Amino acid sequence: MPADACEVPSNLIDGRPLPAESGQTLPVLDPADGQVFTRLPRSDARDVDAAVAAARRAFHGPWGRATAAERGRVLSRLAALILQQHEALAQLECRDTGKPIQQARADITACARYFEYYGGAADKLHGESIPYAAGSTVIALRVPHGVTGHIIPWNYPAQIFGRSVGGALAAGNACVVKPAEDACLTPLRIAALALEAGLPPGALNMVCGLGVEAGAALAAHPGINHISFTGSPGTGTAVAQAAALNHVPVTLELGGKSPQILFADADLDLALPVLLNAIVQNAGQTCAAGSRVLIERRIYAQVMEALAARFAALRTGPGLAGLDCGPLINARQLARVQALVEGGLADGIQAVARAQLAPEAPAGGFYFAPLLLDGVPPDHAIAQQELFGPVLAAFAFDSEEEAIALANGTPYGLTAAVWTRDGARQLRCAHAIEAGQVFINNYGAGGGIELPFGGMKHSGYGREKAFEGLRSFTTIKTIAISHG
Ligand code: NAD
């Protein structure tokens with residue numbers, strides 16, 4: 001099915017496609033040309049109320065009564081349905097987010113893999129028994145939270161939907177999702193497929209709309225028992241504050257300023273393409289983008305020359321053209337990246353190399369060609385803030401201690417990479433770096449369904465992905481039996 005043939009997007013509440021109670025809609029823009037191509041329901045607290053009520057009924061009804069094996073089978077069937085519709089979903093993701101089609105295809109594969117992984121894991125999650133007083137048996141059950149809220153960003157709509165909702169449903173929760181207003185068409189389509197896979201109505205509800213309206217209503221809703229949020233630190237704070245008033249636990253994934261440390265003994269043939277991809281992938285709009293490269297001074301000039309050549313050869317254009325880099329998500333994001341970069345250049349930071357804008361890129365698209373920067377002071381905004389654009393800042397270091405200090409010298413701590421053949425140094429650095437994931441001689445910006453993922457410091461707290469993500473969607477109920 002081509003993306004243009006998609007149905008009018010709607011909310012999904014209690015298994016039914018519904019418009020917003022307000023009757024209003026929001027425009028959805030194609031980032032490749034800036035044109036409106038469909039509209040979304042502009043939901044508010046009334047729609048969120050209805051979705052939470054439907055989820056509560058499902059949790060106390062058929063979904064709550066389903067065995068772990070039955071839940072797993074539904075998710076496995078959903079994974080298969082996603083793969084059956086793989087190309088149509090990838091085309092839709094490409095148009096909605098602007099990302100190159102090959103990236104969109106990889107994202108849909110990853111989304112299916114989340115449901116496959118959590119489908120398989122559903123009946124392998126169990127509690128434990130605990131030795132206690134004589135004549136007693138104590139069981140710690142792993143139970144679902146109940147109704148979970150999911151606030152999803154626009155950068156990886158399908159993937160983040162899969163990792164968050166996949167884990168929550170496998171654990172037995174019923175979900176209410178507020179996808180991002182900028183890109184949410186694939187999660188809506190996949191939620192409809194979940195019904196086809198046998199998910200009971202109400203177990204998964206979708207409420208579209210603005211963050212400050214539908215998102216804020218979900219975060220503050222007293223009927224929610226857990227919230228999973230991925231997005232900006234400021235919004236994460238607002239979500240956590242709203243949830244705190246209801247004493248609701250929150251998982252926050254808030255982005256990063258991830259360093260790639262390149263020692264002089266690194267295998268450069270292996271490292272350079274990975275370094276480049278880590279910042280160009282998804283036009284740098286990746287929470288785990290490798291946005292800082294720290295290079296040992298002995299090889300600094302050589303590496304910068306090689307990186308500059310690779311940057312200059314990159315092509316930016318519409319996602320469907322399948323080039324190296326697509327547009328940014330919207331005009332606001334483009335203006336933000338441009339302003340930060342222009343501010344940096346005015347402060348004396350040097351633009352070393354710039355990618356090309358392909359001639360087929362339409363004039364109204366939100367394009368920012370990948371850029372390599374040198375001479376960035378470590379305390380500059382470009383070194384400290386998440387740009388969320390394809391901009392790589394390079395820094396030189398002389399010692400391992402200096403590299404670690406630079407790596408840890410931002411408010412963030414999401415992911416990092418260390419490139420060296422020295423085994424002891426690999427482990428010393430991995431222990432010293434403040435990050436939720438450290439890669440040695442490889443890097444997976446956003447990848448790794450099986451790898452626990454989440455931040456330290458301002459990158460957030462809690463873990464998603466992997467079995468750890470499944471545990472996050474449960475709580476412990478202890479049953480202590482005295483039997484003599
Ligand atoms: P955002 O954090 O505002 O939006 C993320 C999600 O939160 C969206 O679904 C949005 O509708 C929702 N939201 C917004 N305000 C809300 C509120 N008050 N209550 C509840 N939900 C709310 O991000 P943005 O404004 O789209 O992007 C701004 C910056 O955030 C980017 O430049 C980037 O640095 C960062 N970001 C990070 C990630 C990530 O993966 N970590 C994803 C998106 C954006």
Side-chain angles (χ1 to χ4, degrees), residues 26 28 31 40-45 48 97 99 107 149-161 163-164 176-184 187-188 206-221 224 227-245 248 250-258 281-289 291 328-341 366 368 381-382 384-391 410-415 436 445-446 453-455 458-462 464-465:
L26 296 167
V28 180
L40 290 175
R42 180 173 175 174
S43 312
D44 57 29
V48 171
T97 63
K99 63 182 71 190
D107 285 8
H150 305 258
I151 301 176
I152 309 270
W154 42 260
N155 52 344
Y156 290 87
Q159 278 212 49
I160 296 177
F161 176 78
R163 88 177 187 213
S164 185
V176 179
V177 180
K178 209 304 277 174
E181 52 272 44
D182 284 300
C184 65
L188 294 176
M206 307 292 294
V207 185
C208 304
L210 296 173
V212 289
E213 295 175 354
L218 182 60
H221 203 287
I224 292 288
I227 295 179
S228 159
F229 171 82
T230 303
S232 60
T235 304
T237 302
V239 167
Q241 283 176 333
L245 294 177
V248 166
V250 179
T251 296
L252 294 180
E253 202 271 87
L254 306 178
K257 195 72 192 171
S258 298
Q281 176 183 319
N282 219 40
Q285 302 167 118
T286 303
C287 45
S291 51
L328 301 185
I329 188 72
N330 57 28
R332 188 165 60 103
Q333 191 64 23
L334 177 61
R336 183 173 175 273
V337 176
Q338 279 169 338
L340 275 159
V341 167
F366 308 125
F368 187 94
I382 287 182
Q384 294 289 321
Q385 291 181 21
E386 185 176 55
L387 261 70
F388 241 50
V391 180
T410 78
Y412 291 102
L414 189 59
T415 52
F453 180 72
H458 287 260
S459 291
Y461 49 80
E464 289 195 344
K465 303 190 179 182

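As the structure lists them, so they are numbered: ligands from 1, and atoms in each ligand from 1. Please read these numbers as outputs of a predicted model, since none were measured by experiment.
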S.K.: Show your working on salt bridge (Lys or Arg N to Asp or Glu O under 4.0 Å) between Lys465 and Glu253 and close with a plain yes or no.
M.R.: CA-CA 12 Å; Lys465 303 190 179 182; Glu253 202 271 87; over 6 Å; no
S.K.: Write out the residue and atom name of the closest protein heavy atom to atom 42 (C) of ligand 1, then the distance separating them to 0.1 Å.
M.R.: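 It is Pro153 CB, 3.4 Å.
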S.K.: Using heavy atoms and a threshold below 4.0 Å, how should the contact between Val239 and ligand 1 be classified: side chain, backbone, both, or neither?
M.R.: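 It is the side chain that touches ligand 1; the backbone stays farther off.
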S.K.: Could you tell me which non-hydrogen atom of Gly215 sits nearest to which non-hydrogen atom of Ile151, and how far apart they are?
M.R.: O-CD1, 3.9 Å
S.K.: Judged on heavy-atom distance to atom 16 (C) of ligand 1, which of Leu252, Thr235, Asn330, Val177 sits nearest?
M.R.: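 It is Thr235 whose heavy atom sits nearest to atom 16 (C) of ligand 1.
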S.K.: Tell me: protein heavy atom nearest atom 39 (C) of ligand 1, and distance?
M.R.: Cys287 CB, 3.6 Å
S.K.: I'd like to know if the side chain of Ser459 reaches the main chain of Gly413, judged simply by a donor and an acceptor atom lying under 3.5 Å from each other, with no hydrogens or angles considered.
M.R.: yes
S.K.: Side chains of Thr286 and Tyr156: do they bring a donor and an acceptor to under 3.5 Å?
M.R.: yes
S.K.: How does Ile152 reach ligand 1, if at all, at less than 4.0 Å between non-hydrogen atoms: by side chain, backbone, both, or neither?
M.R.: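 Backbone only.
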S.K.: Once you restrict to heavy atoms under 4.0 Å, what part of Gln285 touches ligand 1? Side chain, backbone, both or neither.
M.R.: neither
S.K.: Minimum heavy-atom separation for Ala183 and Ile329, please, with both atom names.
M.R.: CB-CD1, 4.2 Å
S.K.: Between Tyr156 and ligand 1, find which residue part has any heavy-atom pair under 4.0 Å and reply side chain, backbone, both or neither.
M.R.: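 Within the 4.0 Å criterion, Tyr156 makes no contact with ligand 1.
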S.K.: Under the ring-ring contact (aromatic ring centres under 6.0 Å, His included) rule, collect the residues that match up with Phe388, sequence neighbours excluded.
M.R.: Trp154
S.K.: Which of the atoms of ligand 1 are close to Gly255, meaning less than 4.0 Å from one of its heavy atoms?
M.R.: 41 (N)
S.K.: So is Thr230 polar-close to ligand 1, meaning N/O to N/O under 3.5 Å?
M.R.: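 So ligand 1 has no N or O lying under 3.5 Å from an N or O of Thr230.
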S.K.: Any idea which part of Arg332 is under 4.0 Å from ligand 1, heavy-atom wise: side chain, backbone, both or neither?
M.R.: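 Side chain only.
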S.K.: Heavy-atom contact check, 4.0 Å cutoff: does Gln385 meet ligand 1?
M.R.: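 Under 4.0 Å: no for Gln385.
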S.K.: What atoms in ligand 1 come closer than 4.0 Å to a heavy atom of Ala216?
M.R.: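 Every atom of ligand 1 under 4.0 Å from some heavy atom of Ala216: 19 (N), 20 (C).
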S.K.: For ligand 1, which atoms, with element, lie under 4.0 Å from some heavy atom of Glu386?
M.R.: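 Contacts of ligand 1 toward Glu386, numbered from 1: 33 (C), 34 (O), 35 (C), 37 (C).
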S.K.: Can you tell me how far the CZ atom of Phe229 sits from the CG atom of Leu254, to the nearest 0.5 Å?
M.R.: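 Answer rounded to 0.5 Å: 6.5 Å.
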S.K.: Heavy atoms only: give me the nearest Ile152-Ser164 pair and the separation to one decimal.
M.R.: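 Looking at all heavy atoms of both residues, the closest pair is CD1-CB, 4.5 Å.
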S.K.: Return the residue, atom name and 0.1 Å-rounded distance of the protein heavy atom closest to atom 38 (C) of ligand 1.
M.R.: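 Checking every protein heavy atom, the shortest distance to atom 38 (C) of ligand 1 gives Phe388 CZ, 3.4 Å.
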S.K.: Return the residue, atom name and 0.1 Å-rounded distance of the protein heavy atom closest to atom 12 (C) of ligand 1.
M.R.: Ile151 CG2, 3.6 Å
S.K.: May I ask you to list the atoms of ligand 1 that are less than 4.0 angstrom from any heavy atom of Arg336?
M.R.: 32 (O)
S.K.: Does Ala180 approach ligand 1 within less than 4.0 angstrom via side chain, backbone, both or neither, non-hydrogen atoms only?
M.R.: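 It is both parts that get close, each with some atom under 4.0 Å.
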S.K.: Would you mind listing which atoms of ligand 1 come within a distance below 4.0 Å of any non-hydrogen atom of Leu254?
M.R.: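 So the answer, numbered in order with elements, is 41 (N).
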S.K.: Is a donor on one side and an acceptor on the other found under 3.5 Å between the side chain of Asp107 and the backbone of Ala158?
M.R.: no
S.K.: Is it the case that the side chain of Thr415 and the backbone of Ser258 share a donor-acceptor pair, with hydrogens and angles ignored and the cut-off at 3.5 Å?
M.R.: no
S.K.: Under the criterion side chain to side chain donor-acceptor pair (under 3.5 Å), which of Glu464, Arg163, His150 is the partner of Thr230?
M.R.: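 Of the listed residues Glu464, Arg163, His150, the side chain to side chain donor-acceptor pair (under 3.5 Å) partner of Thr230 is Arg163.
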S.K.: Checking contacts now, so for atom 4 (O) of ligand 1, which I'm interested in, is there any protein heavy atom under 4.0 Å?
M.R.: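 Under the 4.0 Å cut-off, atom 4 (O) of ligand 1 has no protein heavy-atom neighbours at all.
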S.K.: For atom 10 (C) of ligand 1, which protein heavy atom lies nearest, and how many Å away is it?
M.R.: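 Its nearest protein heavy-atom neighbour is Glu181 OE1, 3.6 Å.
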S.K.: For atom 23 (O) of ligand 1, grab the closest protein heavy atom and report residue, atom and distance to one decimal in Å.
M.R.: Ser232 OG, 3.8 Å
S.K.: Would a distance-only check, ignoring hydrogens and angles, find a side-chain to backbone donor-acceptor pair under 3.5 Å from Asn282 to Asn155?
M.R.: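 Indeed, once roles are kept as given, a pair shorter than 3.5 Å links the two residues.
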S.K.: What pairs with Lys257 under salt bridge (Lys or Arg N to Asp or Glu O under 4.0 Å), at least two apart in sequence or on another chain?
M.R.: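 Lys257: no salt bridge (Lys or Arg N to Asp or Glu O under 4.0 Å) contacts found.
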S.K.: Identify, for atom 40 (O) of ligand 1, the protein heavy atom at the shortest distance, and state residue, atom and that distance.
M.R.: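 The answer is Asn155 ND2, 3.1 Å.
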S.K.: Need the ligand 1 atom indices (1-based, order shown) with element for anything under 4.0 Å from a heavy-atom of Glu253.
M.R.: 41 (N)
S.K.: I need the minimum non-hydrogen distance between Gly211 and Lys178, along with the two atoms involved.
M.R.: N-NZ, 4.1 Å
S.K.: Which residue and non-hydrogen atom of the protein lie closest to atom 20 (C) of ligand 1, and at what distance in Å?
M.R.: Gly215 C, 3.2 Å
